[in-house]
2 protein chains.
Amino acid sequence: MSQDQIKELVDRYISLSFSVAKKGENLVKCQIGDDLTNDQHYTLRYIHNVNVCTSTELAEVFEVKKSAITAIINRLWEKGLIQRTRDEKDRRVVYLTLTEKGNMLFAETENRIHKLVESLINRFEQKEIEQFLDTYEKLNQVLTESKDFKVEE
Amino acid sequence: MSQDQIKELVDRYISLSFSVAKKGENLVKCQIGDDLTNDQHYTLRYIHNVNVCTSTELAEVFEVKKSAITAIINRLWEKGLIQRTRDEKDRRVVYLTLTEKGNMLFAETENRIHKLVESLINRFEQKEIEQFLDTYEKLNQVLTESKDFKVEE
DNA sequence: AGTAATAGTTAAACAGTTTAATTATTAAAC
DNA sequence: GTTTAATAATTAAACTGTTTAACTATTACT
């Protein structure tokens, strides 16, 4: 691959990833409505998937500081969507789970997002999506491995 | 495509897009350093590409309200990276351009991001990237057309 | 001339973020 | 065993980015 070809691919990727991220976020926000923010929904999704977790775990997964998690969990807790339970063995630990209300709201919201994504996916051939997702998955892996990428001077 | 197949593809896409976005943002942030935020860099990139623009144009492109643009432009202006010039014909309009300093900082930062993305892209076959970007581009188009998607009840 | 619309800003309020300090608890060292 | 480390979570202050609503200045319409 020549330098020019690489530069062109890099440029294309950078502007596409920016544009797709912005537009995707906005569309998701429309589906979620006013009860939750996107980040709050993502948080509910994670807890829903793992069933139980801690702030430390969320901070690692979302790659933010624990105090950022405390803030977001506080807001979900104030809305009655999340339960905090202290570990009786190790009383430093607080387990996070969804309340009944949290589960309901998540299910509703997730359903709308599913319908949105389904309507997007239906615009493609199955084969094309699968290829796309395969590369996307690989990209996700490469991003994980590049976590400590440094430009050599 | 069966319902289950669709559901699986949708699930895969949702979690991947979330994960890739988060990790990508974090990697970019590492390259940008402490002089700029990601959004500030994106703003500089847009102005750099079009050379001259207005707040209204930025608000449309970024899909945010104009007051959000005022805030971000103020911060870039305070750092001496952006120039504001009133239109002499229509004195309501303010043209935004990069200052010398803005151009320099953008070039430096963009260069580091380019090297990052290049290192990512090099992990793939050229053919695979091109296919991926083609679908990504189509997705971007579909997202634009879906701007007013509503779930039918 | 008088009313609409447009471009941009300001102010208040909120979500999400970081850094630094703090509390409570457990683990390790000696 | 007591003291020192480390860990889990929270709090407080500060900042960025966002929206809504009100406002200023200017231009366009009728």
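To find a chain, count down the sequence lines: A is the first, B the second, and so on, and within it residues start at 1.
Note on K89(B): every side-chain N or O is 4.0 Å or more away from OP1 and OP2 of dA7(C). Taking only side-chain nitrogens and oxygens, R91(B) never comes nearer than 4.0 Å to OP1 or OP2 of dA7(C). Distances shorter than 4.0 Å separate some side-chain N or O of K22(B) from OP1 or OP2 on dT17(C). Within the structure, a side-chain polar atom (N or O) of T37(B) is placed less than 4.0 Å from OP1 or OP2 of dG17(D). OP1 or OP2 of dT9(C) sits under 4.0 Å from a side-chain N or O of S55(B). Proximity of R84(B) to the phosphate of dT9(C): a side-chain N or O atom is located under 4.0 Å from OP1 or OP2.
Within 90° of 0 lies the glycosidic angle of dA4(C), which makes this nucleotide syn. In this structure, dA5(D) shows a glycosidic angle within 90 degrees of zero, which is the syn conformation.
Using a cut-off of 4.0 Å between Lys/Arg side-chain N and Asp/Glu carboxylate O, K7(B) and E118(A) are scored as not salt-bridged. A salt bridge links R45(A) with E110(A): the closest approach of a Lys/Arg side-chain nitrogen to an acidic carboxylate oxygen falls below 4.0 angstrom. A salt bridge is defined here as a Lys NZ or Arg NE, NH1 or NH2 lying under 4.0 Å from an Asp or Glu carboxylate O, and D87(B) with K89(B) fails to meet this definition. D134(B) has a carboxylate O that lies under 4.0 Å from a charged side-chain N of R12(A), or vice versa, which qualifies the two as a salt bridge.
Counting only heavy atoms from C-beta on, K65(B) has its side chain closest to dT20(D) among dT20(D), dT27(D), dG17(D). Out of dA7(C), dG17(D), dT25(C), the shortest distance to the side chain of R92(A) is found at dT25(C).
For the pair N74(A) CG and dT17(C) P, the computed distance is 14 Å after rounding to whole Å. Rounding to whole angstrom units, CG of residue N38(A) and C1' of dT17(C) are separated by 16 Å. Across the protein-nucleic acid pair, R86(A) atom CZ and dA24(C) atom P stand 10 Å apart, rounded to whole Å. Put simply, CD1 on I72(A) is 10 Å from P on dA15(C), counting in whole angstrom units. Across the protein-nucleic acid pair, E60(B) atom CD and dG8(C) atom C1' stand 14 Å apart, rounded to whole Å. Rounded to whole Å, atom P of dT10(C) lies 13 Å from atom CD1 of I73(B). Rounded to whole angstrom, the span from the CD1 atom of I82(B) across to the C1' atom of dT9(C) amounts to 16 Å. The separation between R75(B) atom CZ and dC15(D) atom P is 11 Å, rounded to whole Å.
Counting non-hydrogen atoms under 4.0 angstrom, T56(B) reaches the backbone sugars and phosphates but no base.
Distance alone, capped at 3.5 Å, is enough to place a donor-acceptor pair between the R86(A) side chain and the R91(A) backbone.
The base of dT19(C) lies close enough to the side chain of S67(A) for a donor and an acceptor atom to sit less than 3.5 Å apart.
Sequence order on DNA chain C of the closest nucleotides to A68(A) and D90(A) puts A68(A) first from the 5' end.
The pairing partner recorded for dA9(D) is dT22(C), the criterion being a Watson-Crick or G-U wobble arrangement whose two distances lie under 3.5 angstrom. Pair assignment for dT20(D) gives dA11(C), based on Watson-Crick or G-U wobble hydrogen-bonding distances that are each under 3.5 Å. Nucleotide dT27(D) is matched to nothing when pairs are restricted to Watson-Crick or G-U wobble geometry with both distances under 3.5 angstrom. Across all strands shown, dC30(C) forms a Watson-Crick or G-U wobble pair with dG1(D), both key distances being under 3.5 Å.
The aromatic rings of Y46(A) and F62(A) sit perpendicular, their planes meeting at an angle over 60°, well past the 30° parallel limit.
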